[in-house]
Amino acid sequence: MNRRRMVAASLAAAGLAHLAKPRPLAAQGTALPLTPACEGDARVTRRQTEGPFFRPASPAKRDLRGDGSGDMLVLSGFVLTPQCRPVPGARVNLWHADADGEYDRSGFRFRGHQFTDDAGRYQFITRVPGLYPGRTRHFHVKVQAGRGPVLTTQLYFPDEPRNARDGIFDRALLMEIRPADGGRLGRFDFVIPA
Ligand code: FE
């Protein structure tokens, strides 16, 4: 079995295990450990275009559920240095399409930012973004520590049929997604340049 198949098989098994034993999202949503799993060096997260729908000055907001309908998704992770040290107080800015694949171009629905906690963790509670022509399913993110450089990128969902046909899709930017009671849990750790 090649490596990709093995990874796929073990992920599928893990997914099934979680399907069999769902825990409430509310209980899992804050379950991020206090320290990141990586050791030593981590690779800086790849940059991607911000796209045409970025709007500056988003509100400080981590719970975007009220901005529309759709399946709930809790997205969490760390912001880390290349030496795998958590970065407290980093600004994480999230924006994405609504369930119909539309961006709010005049207001701030499904747009918000927050700062990582003392352990370098961020968390958003939101809805699964819808699809729009030409793209696979994705989130847009900007991450910045202090007045440092802004890391602009996008996050992707595994097992999306459109991933294979999206010209800017990058599997290095796949979230780890697990089903949970009431929605899905997404996990992605950002590594920002030193
Ligand atoms: Fe987009």
Side-chain angles (χ1 to χ4, degrees), residues 11 25 29 32 43-80 87 90-116 121-145 148-180 182-193:
L11 270 182
L25 261 189
L32 204 61
R43 196 166 287 178
V44 171
T45 301
R46 286 192 199 159
R47 295 167 185 280
Q48 292 211 312
T49 170
E50 70 179 19
F53 303 116
F54 174 66
R55 278 169 62 80
S58 71
K61 189 174 171 184
R62 62 189 290 269
D63 187 345
L64 312 180
R65 271 176 297 182
D67 290 354
S69 60
D71 288 349
M72 204 199 321
L73 187 146
V74 177
L75 171 62
S76 12
F78 288 91
V79 175
L80 303 167
V87 182
R91 181 186 171 113
V92 182
N93 195 6
L94 175 77
W95 73 102
H96 64 87
D98 67 15
D100 296 322
E102 300 284 345
Y103 287 87
D104 186 355
R105 301 195 207 189
S106 53
F108 291 95
R109 283 190 314 111
F110 293 120
R111 297 173 186 274
H113 75 267
Q114 65 183 260
F115 295 90
T116 52
R121 301 175 297 187
Y122 73 91
Q123 182 172 83
F124 287 98
I125 306 174
T126 189
R127 307 277 181 186
V128 175
L131 294 165
Y132 60 91
R135 294 302 319 278
T136 189
R137 204 180 305 281
H138 62 281
F139 286 125
H140 292 272
V141 190
K142 285 181 186 279
V143 183
Q144 183 181 31
V150 177
L151 176 93
T152 300
T153 194
Q154 303 187 26
L155 300 181
Y156 297 98
F157 291 73
D159 305 320
E160 284 287 332
R162 287 201 197 175
N163 285 350
R165 304 196 300 270
D166 185 314
I168 67 169
F169 167 78
D170 184 340
R171 55 184 312 110
L173 298 169
L174 280 170
M175 292 175 285
E176 201 183 296
I177 297 279
R178 299 185 310 178
R184 301 182 215 178
L185 287 172
R187 170 74 189 271
F188 193 89
D189 295 345
F190 297 99
V191 180
I192 57 175

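Atoms within a ligand are numbered from 1 in the order they appear, just like the ligands themselves.
Checked against the 6.0 Å centroid criterion, the rings of Phe190 and Tyr122 qualify as a close aromatic pair. Between Phe124 and His96, the ring centre distance reaches or exceeds 6.0 Å.
Within the protein, the number of N/O/S atoms found under 2.8 Å from the Fe ion (ligand 1) is 4.
Salt-bridge annotation for Arg111 and Asp104: absent, with no side-chain N of the basic residue lying under 4.0 Å from a carboxylate O of the acidic one.
With Phe110 as the aromatic partner, Arg127 does not meet the cation-pi criteria of under 6.0 angstrom to the ring centre and within 45 degrees of the ring axis.
A side-chain N or O of Tyr132 and one of His138 form a donor-acceptor pair less than 3.5 Å apart.
The side chain to side chain donor-acceptor pair (under 3.5 Å) with Thr152 is formed by just one residue from the set Lys142, Arg47, Glu50; it is Lys142.
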